[in-house]
Number of protein chains: 2
Amino acid sequence: MSEPAANPTPPTEPPVEAGEEGASTSKKAAKKAEAKAKKEAEKAKRAAERAATMAAQTSAASEDHATENYGNETLGTKLSTDAVEVSLLEIGEEHVGKKVLLRGWIQNSRMQGAKMVFVEIRERGNWAIQGIAAANAEGTVSRQMVKWIGSVNLESFVIVEGTIEKPLEPVKACRVSGYEVHITKFFVHAAAPQILGMTLATANRPITNFSDEQAPVDEGVEKLSLTSTEPAGIPAATMLTHLDNIVMHKRAPVQQAIADIRVEVKDLFREYLKQRGFKERETRDCKLTCTSLIGAASEGGANVFRLPYFGTEAFLAQSPQFYKQIEIAGGRKRVFSISPVFRAENSNTPRHMTEFTGMDLEMETRDYHEAIDVLEGVLLYIFRGLKERCAAEIELVRSVYPSEDLLLPEPGKEVRLTFAEGQALLRAEGPEEFRNVSDEEDMSTAQEKALGALVREKYKTDFYVLDKFPEGARPFYAKEDPLNPKVTQAYDFFIRGQEVLSGGQRINDPVELEARMRKKGVDPNSPGLKEYVQVFRSGCPSHSGGGIGLDRVVSWFLNLPSVSLAAYYPRTPKRLSP
Amino acid sequence: MSEPAANPTPPTEPPVEAGEEGASTSKKAAKKAEAKAKKEAEKAKRAAERAATMAAQTSAASEDHATENYGNETLGTKLSTDAVEVSLLEIGEEHVGKKVLLRGWIQNSRMQGAKMVFVEIRERGNWAIQGIAAANAEGTVSRQMVKWIGSVNLESFVIVEGTIEKPLEPVKACRVSGYEVHITKFFVHAAAPQILGMTLATANRPITNFSDEQAPVDEGVEKLSLTSTEPAGIPAATMLTHLDNIVMHKRAPVQQAIADIRVEVKDLFREYLKQRGFKERETRDCKLTCTSLIGAASEGGANVFRLPYFGTEAFLAQSPQFYKQIEIAGGRKRVFSISPVFRAENSNTPRHMTEFTGMDLEMETRDYHEAIDVLEGVLLYIFRGLKERCAAEIELVRSVYPSEDLLLPEPGKEVRLTFAEGQALLRAEGPEEFRNVSDEEDMSTAQEKALGALVREKYKTDFYVLDKFPEGARPFYAKEDPLNPKVTQAYDFFIRGQEVLSGGQRINDPVELEARMRKKGVDPNSPGLKEYVQVFRSGCPSHSGGGIGLDRVVSWFLNLPSVSLAAYYPRTPKRLSP
């Protein structure tokens, strides 16, 4: 094929996004932008129709020798047998001058006169390459073919054959900036619509609003409300718009990066624990059960989902506590699990969802500090592992949601405070309103945040442990400190002043357990609790553990504005789809 | 400490199991055995009380210099600082003559006269060691201490200090047969009751009955019905008794081996797919959703659990299909997930549970055989991996549930038949009743089993693929074969004539999908289905995948009598606990 005379500037704005310009926070501006968008969309539609008519006329007028090299893919579509299918992630010097086959989405395209078209082909995440089709003298790439390529809707999935070449200068708009593909065949495998519910550019902008209230229909424009920081006139959208356009939400590089970081957290968690003799178990949080431990304990079980079950009633168990402890009593030294948790809590905050993922562990311990060691170790392993393995993903997320690096303690300088020490620090150096906080009352979210700031200043770390929570703040299965029964051998772990882990030593003696249940005002003989106590009657060793909220680890590590961003398909009291 | 003069035979029967002798399948014998057991239990209880009184008298009579070396563990219990805590899994020559600390359950004990006691200490699975305590002249191990050790209830969790020695001949009853521990200190950390709901020996016998019907109270003896094959007079129990005694069920070596095999299947699945560019995703089967894909398609959604959800109704999604396909449409090339599935099916068979674990994958494919390659590859990797990594566990399971080795095809000789070829084989060589089976009707379980036997005979493999199922046998999202629309590009995989995997190419074109929905009699505009079709409107590449039933893989690989045995906490229509 003939090469273009020079390397023109890469395309910047796709035609269908032309109507989405304008940057203002005011409602008026938003409405104006929407009206403009509608107008532009209609204009684009008409233009496309005109183009189609013209194309038909043109092809009738001048013969097209490239008809076998482009079009919609059919059973009869022929690809070259000598074209090697490559992934954009692996393109290198060895491919220069070679014929390749690429499969991906058109994320941008721009005609350059009537004989040349530029298309950005994206494979996954932000991995895209610039393609060029230029009409040649032999007619294997015709003017009609160039025009057709330029008319394909953005986000259509295409199959492209061409030769890998080096551009005169790096293609800034594409991650694969050192190479481009000179197109010889171009087929649409699956077409996208002319107007997408949300463009990729918008999907990759920071989400403006996480409320899961449906905006009234006549205020629909609010759903596409604009933020003040947006670049290049690309509007941002609300979480509702993102979820209503789940496919485009998923295609956004920032979402793929967050998802990749999420799965890496799970891998790091497994890796560290398996190296230390832990066995994975399905101590399910989402199990169907006939009674609910937490339900029984909290009387009424308001936080537990209930459902009809073959003539009786079932609960969606809210905590893996029961099952983790059965595993220990049942002869396992060290177990962990990663599983979904359901919580019927009507909390509408950036920290809560009705469905989340718990990473839990439980281990036989002679001293509960052994569990703190493992939990501290696994979280540091996760944080350090993410920085190392997901550097590119973290950078990508920060380009959309800016954040400071999570400050970690130097090895050997990990910070563990007792709850009382934390409160003392708040009283001494915290904000005025915390001058009189008590050692025997649980901390509020505001206190936790203030303490996080104090710890960061004093110890230069965003990650720390708070141990020995007051007796009143912990559940009936928490072991009291034998030397000071006002506190428990239970702990929380924090990052950026927010709790990501809760755990402690559990009572393994049935007599002690029943006594503490009575002290907490619950009946050890009630359904659920009776079966729970039974677990410890056959000789159960002492043990400790903890539960990590995966969604919280991901969103707070990245300092995202809502935990919903870290979930694959977030669930809130008002949102059950997709 | 003084060594015993000779190595006496290891203990065989624990005293509390003495009442469980007798081997017969008749009800009468079972009732007789139960009556005898009760009598013996009472006798044992009285004997223990007598022993306690005598012990008190004895200690008053002769002074005990070993009081600091045994008893119930308290805060004041002192262990030697030079004793190294070791796991039974790592004991070797380097420990001989060394002082060690062991933690485990007493699984057997036997007095040898008044001055010596043998105790088997079990750490996990069937890892146990023989311990010997013999009264010595110095009095650091006293007669009182020996007697006390002999009186500790079986399955109590103990902390033992002693020296590792080599026995004169291997201790056959223990897995750590080449070493024994000569006890110097012995503390009970957590006591078991005198009478366990189920002994370890019974827990390790094959389960006699998997019915989840509660036996009427006055026929309670049925729950402990005996099988005809039991060794050494150890009774077997029903699944109900096992689940009612979950801790003892879990401690049984056979159950720990099955659980370890189960987790290895998941690890092998992940390993193989991650090496091939798959990303783990939470395409949850157990998600709360506002509509149910399967529910919508099957009209009424009888197989789907429904529950109240903040003033509206939620479903427990029954299939990860929707979410797996969103991931592909959303720009992922290859995804897999391992997650719980709920199915509100009132089936009481050894193949069904209301909760199971699905291992699913979905991948972009140009030709759906690429997916068959991966699925066949991952299953063979799992089966071969289990044989290699879990040889000891498989042997242990077979000692309780005998089975033949799963016959696998030689590399390159994998068996793939079309559904029509399978039916033809059945017609030609199968049992009389399958002489007229049709190529257009789905197979029955009996047909599948018969075909499995024919394939085994003809191709020497228990594992094979059946491809191109008839159109009527597959759901609306299955892609029809473009060359023969009577069949789909969908397949099932079998082991031992039973289906472990179902999958196929999915329709990725929204127009084709809507047409097939209508052909199957479902409305593409109904709630749930409309959102499903929407996923394919933004350019979704062609893709294929499959779902593997983890519980089935485990139980059929091991040829277990019920899929419930492979689950951690099985759920059936009548069983919701523990």
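Every value quoted in this text rests on a predicted model; they were computed, and no experiment measured them. Chain identifiers are assigned alphabetically (A, B, ...) following the order of the sequence lines, protein sequences preceding nucleic acid strands; residue numbering begins at 1 within each chain.
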**OP:** For B:Glu73, check salt bridge (Lys or Arg N to Asp or Glu O under 4.0 Å) against everything at least two apart and list the hits.
**Re:** none
**OP:** With a 4.5 Å cut-off on heavy-atom pairs, point out which of B:Ser542, B:Gly330, B:Gly125 contacts chain A the most.
**Re:** B:Gly330
**OP:** Against chain B, label A:Pro193 side chain, backbone, both or neither, depending on which of its atoms sit under 4.5 Å from a heavy atom there.
**Re:** both
Subject >> Straight-line distance of A:Arg262 CZ to B:Lys279 NZ, nearest 0.5 Å >> reply: 14.0 Å
Original post:
Do B:Gln256 side-chain atoms and A:Arg332 backbone N/O form a donor-acceptor pair below 3.5 Å?
Top reply: no
**OP:** Kindly compute the distance separating NE2 (B:His189) from SG (A:Cys540), expressed to the nearest 0.5 Å.
**Re:** 7.5 Å
Original post:
So which of B:Asn508, B:Val535, B:Asn346 has the biggest tally of heavy-atom pairs under 4.5 Å with chain A?
Top reply: B:Asn346
**OP:** Check each atom of A:Ser87 against the heavy atoms of chain B and say whether the ones under 4.5 Å are side chain, backbone, both or neither.
**Re:** neither
Original post:
What part of A:Leu483 gets closer than 4.5 Å to chain B, counting heavy atoms only: side chain, backbone, both or neither?
Top reply: neither
Original post:
So, for A:Trp105 and B:Ile328, which heavy atoms are closest and what is the spacing to 0.1 Å?
Top reply: CH2-O, 3.9 Å
Original post:
Under a 4.5 Å heavy-atom cutoff, which of B:Pro541, B:Ala259, B:Gly104 has the most pairs with chain A?
Top reply: B:Pro541
Original post:
Which distance, rounded to the nearest 0.5 Å, do you find between the OG1 of A:Thr312 and the NZ of B:Lys574?
Top reply: 12.5 Å
Subject >> Max heavy-atom pair count under 4.5 Å with chain A, selected residue of B:Gln255, B:Arg122, B:Glu85, B:Met248 >> reply: B:Glu85
**OP:** For A:Tyr323 and B:Pro578, work out which heavy atoms get closest and say how close.
**Re:** OH-C, 3.3 Å
Subject >> Between A:Arg366, A:Lys266, A:Glu123, A:His249, the one whose heavy-atom pairs under 4.5 Å with chain B are most numerous >> reply: A:Arg366
Original post:
Shortest non-hydrogen contact from A:Lys250 to B:Ile326?
Top reply: CG-CG2, 4.0 Å
Subject >> Region of A:Arg537 in contact with chain B, defined by heavy-atom distances below 4.5 Å >> reply: backbone
Subject >> Which atom of B:Tyr309 lies closest to which atom of A:Thr572, heavy atoms considered >> reply: OH-O, 2.8 Å
Original post:
Taking only residues two or more places apart in sequence, or in another chain, which ones meet B:Glu271 in a salt bridge (Lys or Arg N to Asp or Glu O under 4.0 Å)?
Top reply: B:Arg389
Original post:
Between the main-chain N or O of B:Ala329 and the side-chain N or O of A:Arg251, is there a donor-acceptor pair closer than 3.5 Å?
Top reply: yes
Subject >> Nearest non-hydrogen partners of A:Lys333 and B:Arg124, listed with the distance >> reply: CG-NH2, 3.5 Å
Original post:
In Å, rounded to the nearest 0.5 Å, how long is the span from CD1 of B:Ile246 to OG of A:Ser538?
Top reply: 11.5 Å
Original post:
Hey, which of A:Ala190, A:Gly331, A:Pro482 has the most heavy atom pairs under 4.5 Å with chain B?
Top reply: A:Gly331
**OP:** Please confirm whether the backbone N or O of A:Val247 pairs with a side-chain atom of B:Gln534, one donor and one acceptor, at under 3.5 Å?
**Re:** no
**OP:** Considering non-hydrogen atoms only, spot the tightest contact between A:Leu307 and B:Arg306 and give its length.
**Re:** CB-O, 3.4 Å
Original post:
Does the side chain of B:Pro340 reach to within under 4.5 Å of the side chain of A:Pro340, using non-hydrogen atoms?
Top reply: yes
**OP:** Against chain B, label A:Leu550 side chain, backbone, both or neither, depending on which of its atoms sit under 4.5 Å from a heavy atom there.
**Re:** side chain
Subject >> Residue part contacting chain A, namely of B:Leu89, when any heavy atom lies under 4.5 Å >> reply: neither
Original post:
Could you state the interatomic distance from CZ (A:Arg281) to OH (B:Tyr569), rounded to the nearest 0.5 Å?
Top reply: 9.0 Å
Subject >> Ion pair A:Arg270/B:Glu280, N-O distance below 4.0 Å >> reply: yes
Original post:
So which of B:Pro308, B:Gly277, B:Gly311 has the largest heavy-atom pair count under 4.5 angstrom toward chain A?
Top reply: B:Pro308
**OP:** Let me see the working for B:Lys274 and A:Asp267 under side-chain contact (heavy atoms from CB on, under 4.5 Å), right down to the final yes or no.
**Re:** CA-CA 11 Å; B:Lys274 282 169 76 174; A:Asp267 285 349; 2.9 Å; yes
Original post:
Looking at A:Thr354, A:Val158, A:Asn245, A:Asp509, which one has more heavy-atom pairs under 4.5 Å with chain B than the rest?
Top reply: A:Thr354
Subject >> Structural part of A:Ala252 lying under 4.5 Å from a heavy atom of chain B >> reply: neither
Subject >> Part of A:Val263 lying under 4.5 Å from any heavy atom of chain B >> reply: side chain
